[in-house]
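A short write-up of the structure that comes next.
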2 protein chains.
Amino acid sequence: MTSQPLSRARIVAAAVELIEREGADAVSMRRIASELGVGVMSLYNHVPNKGALLDGVAESVLSEIGFTDDPEAHWSDRVRMQARAFRQIAHHYPRCTMLVVSRQLHTDAGLLPVERALATLRSAGFDGVDAVRVLRLFIAFIVGSLLREVGVTPTFAPVHEAAIDAEKIDPELFPEVSALSELLGSCDHEAEFAFGVELLIQAIAVHPARREGTR
Amino acid sequence: MTSQPLSRARIVAAAVELIEREGADAVSMRRIASELGVGVMSLYNHVPNKGALLDGVAESVLSEIGFTDDPEAHWSDRVRMQARAFRQIAHHYPRCTMLVVSRQLHTDAGLLPVERALATLRSAGFDGVDAVRVLRLFIAFIVGSLLREVGVTPTFAPVHEAAIDAEKIDPELFPEVSALSELLGSCDHEAEFAFGVELLIQAIAVHPARREGTR
DNA sequence: AGGGCGTGACGTACACCGTACGTTCCTCCG
DNA sequence: CGGAGGAACGTACGGTGTACGTCACGCCCT
């Protein structure tokens, strides 16, 4: 019946597929097992527990990031590319994004993006301390942005547009929110993300800790 | 036996206390009920379901932010203050932070910080569109930062220092990570956050969309 | 060739979860 | 005094993660 012999990779793939199809809290050992046409406890032959499975999901998704890093390009273009590449997981695997972001994993899949980013920042003229600083700043921004894009749909929801209902806001208490309710209600995530990335690039370009003129 | 007559506020308070004491996934209706010396189903007389309870927790924590906003101060100082105030919840309620951050709530408690921030940014010389943009940038950064500070401890963990074990990294594959492993292993969250806030303030101070000279 | 053994799939069992439903009791108002 | 409404409660159901014991199969070594 089951053609393939069952493996950690197949289990993780089934989990990813299930999460994207039905949301993160549809994931249960029984559900995944039945998805694979397999007994529940057979999963534990390849995965120590559910947490490790979710780690596997995060790692799998993260490792699919398509980095096309060109060490010859200008550092700002490299930063742009890496930020965009990282963001694309939020489009390919929107419902797995929370997992990738909330579980910090200490595996090579998580280290590779860090390595590329550090190399880029070093080439931009930062020393080690500041490269790490700036990297953490970027990661915080990216993580926060992805959470906004994706957190709108915690598990499932009918788009849920206009979370801020203009009608229910007291203009006396919240004049600004009330006046800007249209802007707050909708969000062009793409443009918002690009705005942030450009502003950050501009900011670190003029940062005094950077030694100008490198690469 | 039970002196107080049980209320939504008491239930939420017990949940917050329990989360801070034993972590987010120690929360169950039965656990909270027994914490209050009360039957499980009695909770449902004051709270429609568990999700609403968690929303209540997030709202409660969020509403405790101590804003001491001074409309007369320089906008950069106001931004600094607000960012710091927001971050303090990560210290007072570290294990609730994930809830505050991952559940977006459409209640006044969530709107008030937004209102203050928008007012500040308007006073800094941004029009509505850019005020919202910049606010979203700040929120993304703050959320990402708090998640790093707190996400290190998903539920419980023995500090878990040195997540990046310098010994296990192949210097061939990850030269930068290997060289900077000490820096990556430890993190002064306070300093890191301040660095980000200052850089962002500096960046928006010189941003062309801002009309110079206001307040 | 045959026996031992590791491995992987499986079923059962347990403690716990959220919550729908029906019951009881206490209080307050007419 | 009697009725009504709300609050606390107990029971029950379907679902969860996983510890444990069992079984069949293929490989290796004698």
Rounded to whole Å, the CD1-C1' distance (A:Ile32 to D:dG15) equals 15 Å
Identified side-chain contact (heavy atoms from CB on, under 4.5 Å) partner of B:Val16 from the options B:Val57, B:Val27, B:Ile11:
B:Val57
So does B:Arg30 reach the base of C:dG18 with its side chain, donor to acceptor, closer than 3.5 Å?
yes
Report the distance from atom CZ of A:Arg10 to atom C1' of C:dA9, rounded to the nearest whole Å.
13 Å
Taking the side chain of A:Ser28 as its heavy atoms from C-beta onward, which of D:dG17, C:dA9, C:dC17 lies nearest to it?
D:dG17
Under 4.0 Å between a side-chain nitrogen and a carboxylate oxygen: does that hold for B:Glu22 and B:Arg31?
yes
Choose from C:dT19, C:dC10, C:dA9 the nucleotide whose nearest atom is closest to any side-chain atom of B:Met29.
C:dT19
Choose from D:dC9, D:dG17, C:dC17 the nucleotide whose nearest atom is closest to any side-chain atom of B:Met41.
D:dC9
Whole angstrom is fine here: how far is it from CG in A:Asp25 over to C1' in D:dG14?
16 Å
Taking only Lys NZ, Arg NE, NH1 and NH2, and the carboxylate oxygens of Asp or Glu, determine whether A:Arg87 and A:Glu190 approach each other closer than 4.0 Å.
yes
B:Cys96 backbone acceptor or donor facing B:Glu20 side chain under 3.5 Å
yes
By a strict heavy-atom criterion of less than 4.0 Å, which residues belonging to residues 42-56 of chain A are in contact with DNA chain D?
A:Tyr44, A:Asn49, A:Lys50
Distance, nearest 0.5 Å, that separates CD1 of A:Ile204 from CH2 of A:Trp75
4.0 Å
Donor-acceptor pair between B:Ser76 and B:Arg80 side chains, under 3.5 angstrom:
yes
Please give, in whole Å, the distance from C:dG8 C1' to A:Arg8 CZ?
17 Å
